[in-house]
Amino acid sequence: QLQFPVGGNPVANEQAGCERDADGSFAACDGRVYGARPSSMLGLMATLGSIISALFLPYAGAVVDYTDHRLIFGRAMAATLVVTNAVQAILTIQTCAMTLQLG
């Protein structure tokens, strides 16, 4: 069963100085990481990723349409996608173990 982390990213909680409950999870915390609450970090990362993609994709499309670098560009984007998803999958011990079980 895949569970969405209600408390946000554990790394962000640790950086904000949040304390753990008796069961090891993080309690509600008013600490801040880079000006945002740890519980907001997942949404903030998704929002920033979407904005960056929206700004980058028109230029990427122009490169693909008007140059001969389609294959190189496609391979570079595929490699970038694999690397970034791998880093996200092994960000914590819990997700690393889950990723190894699924694979």
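Excluded from the calculations below are hydrogen atoms, water molecules and symmetry mates; all remaining heavy atoms, backbone and side chain alike, are included.
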| query | Any chain of hydrophobic side-chain contacts (each under 4.5 Å) joining Val64 to Phe56? | reply | yes
| request: List in chain and number order the residues that pass side chain to side chain contact (heavy atoms under 4.5 Å, CB included) with Ser50, two or more places apart in sequence or in another chain; answer none if no residue qualifies. | output: none
| query | Rounded to the nearest 0.5 Å, how far does CD1 of Ile72 lie from OG1 of Thr67? | reply | 8.5 Å
